[in-house]
Trainee: 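Just dropping this structure here.
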Amino acid sequence: QVKLLQSGAALVKPGASVKMSCKASGYTFTDYWVSWVKQSHGKSLEWIGEIYPNSGATNFNEKFKGKATLTVDKSTSTAYMELSRLTSEDSAIYYCTRLGAPYWGQGVMVTVSS
Amino acid sequence: DIVMTQGALPNPVPSGESASITCQSSKSLLHSNGKTYLNWYLQRPGQSPQLLIYWMSTRASGVSDRFSGSGSGTDFTLKISSVEAEDVGVYYCQQFLEYPFTFGSGTKLEIK
């Protein structure tokens with residue numbers, strides 16, 4: 001069955017970067033866009049952007065340009081998101097998902113604190 | 001950006017009663033291909049969101065037929081025909097007609 005398995009929680013210092021992973025299984029990784037979604041504590045969902053693994057093409061929410069970098073490793077069917085210059089506003093749960101399909105990762109909790 | 005506005009529920013909803021959740025978009029989500037680019041999700045407490053409805057009215061695989069989606073180009077409704085304890089959580093609508101994809105603020109369902 002389809003699974004999206006994300007990396008573990010991260011505690012990072014302000015100004016640093018964090019890179020998280022999303023390993024896909026159960027389907028042809030290169031055939032479907034992978035989206036990343038942010039959920040700040042107790043709040044709604046924000047779409048960060050998406051990547052098409054076959055070509056590496058990306059689309060971003062303007063709000064997250066310069067903040068998020070999306071990449072993939074086709075050899076391991078893994079998508080990555082790196083967040084840079086972290087502030088407290090970046091503390092949140094980050095999900096990878098195939099939007100519009102019933103497949104979501106379990107989420108990565110990122111805490112930015114000194 | 002397309003703004004998605006969700007209505008509230010008169011919580012708590014008695015078990016077995018029906019519940020309707022509304023969502024309004026700031027722009028029509030009806031494409032010239034005849035499809036409406038709207039999804040509905042449920043996020044149960046402590047869990048990832050799960051897809052309930054796509055293309056405004058198509059139930060996702062494994063989703064109970066107690067859930068149904070309807071609407072026009074800008075006004076949408078998710079109806080739960082007979083609420084059960086497992087339906088507790090926050091419901092989100094989401095548009096995927098235009099970038100950036102946007103979600104509603106969520107509608108919380110509590111059961112009595």
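Quick note on labels: first sequence line is chain A, next is B, and so on, each numbered from 1. Computed from a predicted model, the values in this text were never measured in an experiment.
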Trainee: If you group Ile, Leu, Val, Met, Phe, Trp and Tyr by side-chain heavy-atom gaps below 4.5 Å, do Ile80(B) and Leu38(B) land in one group?
Mentor: yes
Trainee: Just so I understand: if I count every heavy-atom pair under 4.5 Å between each of Ser44(A), Ala101(A), Gly107(A), Gly49(A) and chain B, which residue has the most?
Mentor: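 That would be Ser44(A).
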Trainee: Tell me, for Leu99(A) versus chain B, whether the close heavy atoms (under 4.5 Å) come from the side chain, the backbone, both or neither.
Mentor: both
Trainee: Do Trp36(A) and Trp33(A) share a hydrophobic cluster, counting only Ile, Leu, Val, Met, Phe, Trp and Tyr and linking them when any side-chain heavy atoms are less than 4.5 Å apart?
Mentor: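 Trp36(A) and Trp33(A): separate clusters.
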Trainee: Check whether Ile2(B) and Leu78(B) end up in the same hydrophobic cluster, where Ile, Leu, Val, Met, Phe, Trp and Tyr are linked by side-chain heavy atoms less than 4.5 Å apart.
Mentor: yes
Trainee: I need the minimum non-hydrogen distance between Ser48(B) and Trp104(A), along with the two atoms involved.
Mentor: CB-CB, 4.1 Å
Trainee: Is Asn59(A) close to chain B through its backbone or its side chain, or both, or neither, when contacts mean heavy atoms under 4.5 Å?
Mentor: side chain
Trainee: Listed by chain and number, what are the salt bridge (charged side-chain N to carboxylate O under 4.0 Å, His left out) partners of Arg44(B), not counting sequence neighbours?
Mentor: none
Trainee: Where is the tightest heavy-atom contact between Asn39(B) and Gly100(A), given as atom of each residue plus distance?
Mentor: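 Minimum heavy-atom separation between Asn39(B) and Gly100(A): ND2-CA, 3.7 Å.
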Trainee: Indicate yes or no for a side-chain donor-acceptor contact from Tyr41(B) to the backbone of Pro102(A) under 3.5 Å, with no hydrogens or angles considered.
Mentor: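 No.
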Trainee: Just checking heavy atoms, which of residues 16-34 of chain B are less than 4.5 Å from chain A?
Mentor: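 When heavy atoms of chain A are the reference, residues 16-34 of chain B contributes no residue within the under-4.5 Å range.
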Trainee: Starting from Phe76(B), can I reach Leu9(B) by hopping between I/L/V/M/F/W/Y residues whose side chains sit under 4.5 Å apart?
Mentor: yes
Trainee: So if you build clusters from Ile, Leu, Val, Met, Phe, Trp, Tyr with side-chain heavy-atom gaps below 4.5 Å, do Met109(A) and Val12(A) land together?
Mentor: no
Trainee: Atom CZ of Phe96(B) and atom CH2 of Trp47(A): how far apart are they, to the nearest 0.5 Å?
Mentor: 13.0 Å
Trainee: In residues 98-112 of chain B, which residues are in contact with chain A at a heavy-atom separation under 4.5 Å?
Mentor: Tyr99(B), Pro100(B), Phe101(B), Phe103(B), Gly104(B), Ser105(B)
Trainee: Among pairs that include at least one residue of residues 36-53 of chain A, which meet salt bridge (Lys or Arg N to Asp or Glu O under 4.0 Å), considering only residues two or more places apart or in two chains?
Mentor: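 Listed by first then second residue: Glu46(A)-Lys63(A).
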Trainee: What part of Gln47(B) lies closer than 4.5 angstrom to a heavy atom of chain A: side chain, backbone, both or neither?
Mentor: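 Answer is backbone: N, CA, C or O of Gln47(B) sit under 4.5 Å from chain A.
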Trainee: Where do Tyr95(A) and Gln43(B) come nearest, in terms of heavy atoms and distance?
Mentor: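 In this case the closest contact between Tyr95(A) and Gln43(B) is OH-NE2, 3.2 Å.
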